[in-house]
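This report concerns only the one structure given below.
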Number of protein chains: 2
Amino acid sequence: MSDRKPETQDLSAQIANDIRDAIIAGDLIVDQRLPSESEMADQFSVSRPTVREALKRLAAQNLIRTQRGATGGAFVNRMSFEDAYGQQITTSTLLLSMNSVSFETACEARYALERACAPLSAERRSADHLATMRAEIVRQSQPGLTDESFCASDVAFHRALVDGAGNPVLSYQLAGAVEAMQPLMNMITFTTRDRNRIVGLHTEIADALEQRDGQRADEVLDQLSCYTRTLAREALDRRRKST
Amino acid sequence: MSDRKPETQDLSAQIANDIRDAIIAGDLIVDQRLPSESEMADQFSVSRPTVREALKRLAAQNLIRTQRGATGGAFVNRMSFEDAYGQQITTSTLLLSMNSVSFETACEARYALERACAPLSAERRSADHLATMRAEIVRQSQPGLTDESFCASDVAFHRALVDGAGNPVLSYQLAGAVEAMQPLMNMITFTTRDRNRIVGLHTEIADALEQRDGQRADEVLDQLSCYTRTLAREALDRRRKST
DNA sequence: CGAGGATCAATTGTCTGACAAATGAAATTT
DNA sequence: AAATTTCATTTGTCAGACAATTGATCCTCG
């Protein structure tokens, strides 16, 4: 938890960390205006460009926003769920794409997380959530759909399932897991038979949620998890054979 | 998913986004060296400070690292789980602390996620994980422990439980949920009676995992979830009364 | 010929000073 | 009183410079 090398860090990194810690500690509250760049330069005994680099670091993390003009400046940003989604998805995508996480591992994590919210979703899902899921099922049944569109619809279906739990923290956490998987899923070529099976399972899930049967939804998700992993294994085998 | 206002964005933000997209798309691969700051300044037709601001934005997201010296420069960073943890915890902490997420909601999310990995942990936990959990239980039983230390130990216990699932993606996702809750948990004052009850439930969880009984672990986690929420409600009531 | 040290060139880190652009507030005019 | 102009403040961008770091190169000496 401690900073690794505070002595060898850039000045801009040190300053950014100072300000970040102040925000986390609550010393700087939401919408509070930070001193102007010139003032901070004096305060930290550095030049304005150095302060600016620090501020850009914070802006990249959505911790502050800046505004030009007479009453402008840098303001502490209220971290929005949308901002958090974006960061989460970027981070997860990169983690999965370049950190030798196997499809298997990612898939297991995704379905474990999804199953966590199945009972909540069964209890709380609105008619809207159910309607979204049904609509995506219809879309997925269309013949001639590209694999990419099929995957996108799959993501939308599962997002609706997660959102049905009515817990924004869960939605935010799972957005990363589900969306970051999409590039990996896109590598799979779905046959008509595969799609029919998946659509069938999706329908069973929707039915279960409609009847507020969390237990049943959980079971079907388990089956879907197994099936997806089987498909991925086959896709991987084919790819290996062809090279 | 699309950028909101590319036309009103800073030059440094635009450049940072360009490079970020190139990294995500795989056009820039891990450990690849970016052009020098001067070269990029020419390439993008901006000044060097502007390029530097862009690079600092990327560095803040752990997308690149920089090195001084003759063979130095900016290199595409391999996103490490550790980096991802850090970002996740910062984001989640801020999201919970200043986005009016109720303790109830956060708590529900946390235990839902934890229960997701209970069966996996029961199956795969090593003796090490179990030993860590037992050790933390002992620490939690010490009389005279401050509330903060008790909470820290609680986090360590649950981290061991999650890590026991042996899925780094789950560990990374849950790190945020569990650790971000700590500041909220610290607001609770635990009586000796509360602590005994929690330690008892922790012991039951450890026992269940030792016997590879995921079902049982899940049940106890459910109880712990309910109990924690009760305590939080009481703490909130007391706080409300005193003000 | 090899090893060790001095030199060098490339690159990032930092500073200074300047000007442009935006923007809300104050002063002025109608 | 309303509309317009002016103005001060602040961020955005630029140019050029120097310091610090660091690997590579070259040179000297054994």
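Proteins come first, then strands; the chains are lettered A, B, ... in the order of their sequence lines, and each starts at number 1.
Applying the side chain to side chain donor-acceptor pair (under 3.5 Å) test to pairs two or more places apart or on separate chains, those with a residue in residues 22-34 of chain A are A/Asp31-A/Arg65. Listed by first and then second residue, the salt bridge (charged side-chain N to carboxylate O under 4.0 Å, His left out) pairs involving residues 167-176 of chain A amount to none (not counting sequence neighbours).
With hydrogens and angles left out, the side-chain atoms of A/Thr105 and B/Asn167 include no donor and acceptor closer than 3.5 Å. Using modelled atom types, one finds a donor on one side chain and an acceptor on the other under 3.5 Å when comparing B/Ser12 with B/Arg57.
Within the 3.5 Å criterion, the main-chain N or O of B/Val138 finds a donor-acceptor partner in the side chain of B/Gln142. When atom types are taken as modelled, the side chain of B/Arg78 and the backbone of A/Met98 share a donor-acceptor pair closer than 3.5 angstrom.
For A/Glu148, the CD atom sits in a loose shell: 12 or fewer heavy atoms of surrounding residues, nucleotides or ligands are nearer than 6.0 Å.
Salt bridge status for A/Glu114 with A/Arg110: present, with a side-chain N to carboxylate O gap under 4.0 Å. The residues B/Lys56 and B/Glu53 are annotated as not salt-bridged, no charged nitrogen and carboxylate oxygen being separated by less than 4.0 angstrom. Between A/Glu108 and B/Arg124 there is a salt bridge, since a side-chain N of the basic residue sits under 4.0 Å from a carboxylate O of the acidic one.
B/Ile64 has its CD1 atom 16 Å from the P atom of C/dT11, to the nearest Å. Counting to the nearest Å, the C1' atom of D/dT9 and the CZ atom of A/Phe75 are 12 Å from each other. Per the geometry, CG belonging to B/Leu55 stands 8 Å off P belonging to C/dT12, to the nearest Å. C/dT11 atom C1' lies 10 Å from atom CD of B/Glu39, rounded to whole Å.
The side chain of A/Ser38 contributes no N or O atom lying less than 4.0 Å from OP1 or OP2 of D/dT10.
Within 4.0 Å (heavy atoms only), A/Arg65 reaches no atom of the nucleic acid at all.
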Base-contact (B) and sugar-phosphate-only (S) positions in nucleotides 2-7 of chain D, heavy-atom cut-off under 4.0 Å, - elsewhere: ------

Polar atom pairs (N or O), protein with nucleotides 22-26 of chain D, under 3.5 Å:
| unit_1 | atom_1 | unit_2 | atom_2 | d |
| --- | --- | --- | --- | --- |
| D/dT22 | O2 | B/Ala70 | N | 3.1 |

Enumerate the protein-to-nucleotides 14-16 of chain C contacts in which both atoms are nitrogen or oxygen and the separation is below 3.5 Å.
| unit_1 | atom_1 | unit_2 | atom_2 | d |
| --- | --- | --- | --- | --- |
| C/dT14 | OP1 | A/Leu11 | N | 3.0 |
| C/dC15 | OP2 | A/Ser47 | N | 2.9 |
| C/dC15 | OP2 | A/Ser47 | OG | 2.9 |
| C/dC15 | OP2 | A/Thr50 | OG1 | 2.8 |

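Listed by chain and number, the residues in a ring pair (Phe, Tyr, Trp, His ring centres under 6.0 Å) with B/Tyr85 amount to none (sequence neighbours excluded).
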